[in-house]
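One-based numbering along the sequence shown.
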Amino acid sequence: DLNKAERIDPSAKGLPAAKGMAYATRAAARAEVHDIHGAETDLKEADTLGTPPRWLSKATRALAGAYKRRGDEFLKNGDPNGALQDFEAADTLHTPSLISVFDRAKAFRERAKIQEKDGTLEGTLADYESAAKHDPRQPMLTERADLQVKLGEEALANQDFHKASE
């Protein structure tokens with residue numbers, strides 16, 4: 001029991017590292033049950049206590065996975081902004097990324113569609129460009145070309161229509 005050991009001898013060698021490993025283990029467990037805030041708090045505490053990197057790495061991977069799963073849910077429920085925020089958080093925590101280029105492209109594409117309905121055409125174009133950068137397949141190019149026509153950018157639209165037909 002770490003609490004008992006700390007009461008007996010707070011300066012015991014290895015106690016901070018052991019506490020840090022306990023926090024890292026709890027952070028990973030919290031991430032698995034989608035308690036992102038609790039996992040972040042425990043991971044920070046584990047890091048502060050000088051927890052060995054392999055323990056931190058396991059907790060960090062679990063937290064990145066929780067962000068990925070929540071981002072997927074945001075996307076499924078029509079919240080591309082939330083999805084993109086969580087995908088970015090997962091990327092910040094874990095390399096190589098857990099987020100596929102297709103997930104990211106879909107989030108940009110869905111946000112673009114929402115902005116287009118709202119009449120925010122410049123933001124829409126930026127999101128379609130980001131989507132096409134991550135996934136340059138036909139649907140992205142066609143949708144971006146349609147928007148470019150609306151913006152009076154026929155030359156750019158023709159380039160995208162041509163690429164999409166290849």
Side-chain angles (χ1 to χ4, degrees), residues 23-48 53-166:
Y23 275 106
T25 300
R26 189 170 71 179
R30 284 180 160 181
E32 291 301 319
V33 296
H34 311 290
D35 178 6
I36 289 175
H37 177 71
E40 286 175 334
T41 301
D42 284 349
L43 186 58
K44 286 177 188 168
E45 186 64 25
D47 190 35
T48 302
R54 69 184 173 102
W55 287 83
L56 289 176
S57 178
K58 179 180 177 185
T60 301
R61 280 193 314 275
L63 183 55
Y67 273 117
K68 161 71 166 93
R69 289 187 301 277
R70 190 173 74 177
D72 289 341
E73 282 299 310
F74 279 138
L75 197 53
K76 187 172 110 182
N77 293 320
D79 182 0
N81 289 325
L84 288 168
Q85 284 179 322
D86 277 3
F87 291 165
E88 183 64 34
D91 280 348
T92 301
L93 288 167
H94 193 263
T95 303
S97 177
L98 298 172
I99 314 304
S100 77
V101 292
F102 303 113
D103 290 334
R104 194 175 313 282
K106 183 177 180 185
F108 279 115
R109 183 178 179 206
E110 293 304 313
R111 188 169 72 179
K113 288 178 183 179
I114 291 168
Q115 289 182 44
E116 188 171 3
K117 286 179 188 173
D118 293 342
T120 314
L121 298 184
E122 294 303 322
T124 303
L125 183 59
D127 279 346
Y128 275 131
E129 287 173 359
S130 294
K133 181 180 94 177
H134 293 293
D135 182 11
R137 294 182 294 175
Q138 187 267 341
M140 301 298 173
L141 296 173
T142 302
E143 289 170 352
R144 185 173 68 178
D146 288 339
L147 180 62
Q148 289 167 331
V149 168
K150 291 178 186 176
L151 293 170
E153 301 285 342
E154 271 79 23
L156 292 173
N158 286 334
Q159 288 175 0
D160 277 351
F161 283 133
H162 179 73
K163 285 180 197 172
S165 66
E166 292 177 346

Item checked: Aromatic centroids of His134 and Phe102 separated by under 6.0 Å -> no
Okay, side chain of [X], backbone of [Y]: is any donor-acceptor separation there less than 3.5 Å?
X      : Y      : value
Arg111 : Pro80  : no
Ser57  : Pro53  : no
Gln148 : Ala157 : yes

Notebook entry, point to check: CZ of Phe108 to CG of Leu84: how many Å apart, nearest 0.5 Å?
Noted result: 5.0 Å
Next item on the list: Could you give me the CA-CA distance, side-chain angles and deciding distance for Glu88 and Thr92, then say whether side chain to side chain contact (heavy atoms under 4.5 Å, CB included) is met?
Entry: CA-CA 6 Å; Glu88 183 64 34; Thr92 301; 3.9 Å; yes
Item checked: Pairs flagged by salt bridge (charged side-chain N to carboxylate O under 4.0 Å, His left out) wherever residues 157-166 is involved - sequence neighbours left out -> Arg144-Asp160
Under 3.5 Å, sequence neighbours excluded: what are the donor-acceptor pairs made by side chains of residues 118-125?
| residue | atom | partner | partner atom | Å |
| --- | --- | --- | --- | --- |
| Thr124 | OG1 | Glu116 | N | 3.1 |
| Thr124 | OG1 | Thr120 | O | 2.6 |

Next item on the list: Decide side chain to side chain contact (heavy atoms under 4.5 Å, CB included) for Leu147 and Leu151; before the verdict, give the C-alpha distance in whole Å, the side-chain angles of both, and the deciding distance to 0.1 Å.
Entry: CA-CA 6 Å; Leu147 180 62; Leu151 293 170; 4.1 Å; yes
Checklist line | Test log, rule side chain to side chain contact (heavy atoms under 4.5 Å, CB included), inputs Phe161 and Leu156 | finding: CA-CA 9 Å; Phe161 283 133; Leu156 292 173; over 6 Å; no
Check: Salt bridge or not for Arg70 and Glu73, using N-O below 4.0 Å?
Finding: no
Next item on the list: Identify whether the distance between the nearest side-chain nitrogen and carboxylate oxygen of Asp103 and Lys68 falls below 4.0 Å.
Entry: yes
Margin query: Are Tyr23 and Leu43 packed together at the side-chain level, in the sense that at least one heavy-atom pair is separated by less than 4.5 angstrom?
Written below: no
Note to self: Do Ser100 and Arg104 pair up side chain to side chain, a donor and an acceptor below 3.5 Å, judged on atom types alone?
What the structure shows: no
